[in-house]
Student: 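Here it is, the structure in full.
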Amino acid sequence: KAGVTQTPRYLIKTRGQQVTLSCSPISGHRSVSWYQQTPGQGLQFLFEYFSETQRNKGNFPGRFSGRQFSNSRSEMNVSTLELGDSALYLCASSEVTGKVPYEQYFGPGTRLTVT
Amino acid sequence: AQKITQTQPGMFVQEKEAVTLDCTYDTSDPSYGLFWYKQPSSGEMIFLIYQGSYDQQNATEGRYSLNFQKARKSANLVISASQLGDSAMYFCAMREGNYGGSQGNLIFGKGTKLSVKP
């Protein structure tokens, strides 16, 4: 099976702009989670989608939003970018069954730089 | 309150030696899972090992083993016979609840940077 893919891998944006990141989960996985990783705050959970519904949400402002499509692909959007949004954004997919309950398979990440 | 604590920001180990990376956690949920991930400089998170709160035995996966001490709320990762390719960031993470809980929400520690010396 192909792994989790994220596009684009690198992105440079200007303050005030908006950005959309894409994640394609492993085939058959219906759950997609997003995480933000920064040197200061570490890895923080953004949200999780399952069967097109947001099932869980972390403590982030409303500028961060996401959605999931019927083929389980997910997008996250950040509006009105701030310098502090510069981070590595990681997407992970998981399935209900398996040896490890809800083991999350991570993508390579999208590195966003806001200038 | 911090739920996952990794007290070692950086560790050095000689190639072929064993190393222990510390992790303590805090939860009041009797059902939880503990994970260790490796993150090389490329950025991708690689799953290493999992321990469920009800598992009777310590988890092992090849050169990785998890020293699970439930009463002390610690879940240390032991890497045996270190290799140069083991140099990376290592993250301990926890998920609370079972299938009916917050399935997608992993809580991560700050990580430990492991450097393997030849």
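Protein chains get the first letters and strands the later ones, always in sequence-line order, with residue 1 at the start of each. Please read all numbers here as calculations on a predicted model, not as lab measurements.
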Student: Inspect the surroundings of CD1 in B:I46 and state if more than 12 heavy atoms from other residues, nucleotides or ligands are less than 6.0 Å away.
Tutor: yes
Student: Just checking A:N71: does its CG atom have more than 12 heavy atoms from other residues, nucleotides or ligands closer to it than 6.0 angstrom?
Tutor: yes
Student: Under 4.5 Å from any heavy atom of chain B, what part of A:Q6 do you find: side chain, backbone, both or neither?
Tutor: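 Contact with chain B: none, neither part.
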Student: Is there a chain of hydrophobic side chains (I, L, V, M, F, W, Y, each step under 4.5 Å between heavy atoms) that links B:L114 to B:L84?
Tutor: yes
Student: Would you say B:I4 and B:V78 are hydrophobically clustered, going by side-chain heavy atoms of ILVMFWY under 4.5 Å?
Tutor: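 Different clusters: B:I4 never reaches B:V78 through Ile, Leu, Val, Met, Phe, Trp or Tyr contacts under 4.5 Å.
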Student: When rounded to the nearest 0.5 angstrom, what is the spacing between CG in A:L43 and CD in B:Q39?
Tutor: 6.5 Å
Student: Should we count NZ of B:K113 as having more than 12 external heavy atoms under 6.0 Å?
Tutor: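 Atom NZ in B:K113 is not crowded, with 12 or fewer foreign heavy atoms closer than 6.0 Å.
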Student: With a strict 4.5 Å heavy-atom criterion, list every residue of residues 81-90 of chain A that contacts chain B, or say none.
Tutor: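 Result: A:L88, A:L90.
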Student: First locate atom CD of A:E48, then atom CG of B:L106, and finally report the distance between them rounded to the nearest 0.5 Å.
Tutor: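 One finds 9.5 Å between CD of A:E48 and CG of B:L106.
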Student: Could you go through residues 107-115 of chain A and list every donor-acceptor pair under 3.5 Å that involves a side-chain atom there, pairing it with any protein atom two or more places apart or in another chain?
Tutor:
from, atom 1, to, atom 2, distance (Å)
A:T110, OG1, A:P8, O, 2.5
A:T115, OG1, A:K13, O, 3.4

Student: OG of A:S33 to CZ of B:R95: how many Å apart, nearest 0.5 Å?
Tutor: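 A:S33 OG to B:R95 CZ: 9.5 Å, rounded to 0.5 Å.
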Student: Please say yes or no: joined through hydrophobic side-chain contacts below 4.5 Å, possibly via intermediate residues, are A:V19 and A:V32 part of one cluster?
Tutor: yes
Student: Output the distance between atom CD (A:Q41) and atom CZ (B:F108), rounded to the nearest 0.5 Å.
Tutor: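 Interatomic distance, A:Q41 CD to B:F108 CZ, rounded to 0.5 Å: 15.0 Å.
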Student: Counting only heavy atoms not in A:R15, do more than 12 fall under 6.0 Å of its CZ?
Tutor: no
Student: Tell me whether B:K73 at atom NZ has more than 12 heavy atoms from other residues, nucleotides or ligands lying less than 6.0 Å away.
Tutor: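 Counting other residues, nucleotides and ligands, NZ of B:K73 exceeds 12 neighbours.
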Student: What residue among A:F106, A:Y35, A:Y105 forms ring pair (Phe, Tyr, Trp, His ring centres under 6.0 Å) with B:Y37?
Tutor: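 Exactly one pass, corresponding to A:F106.
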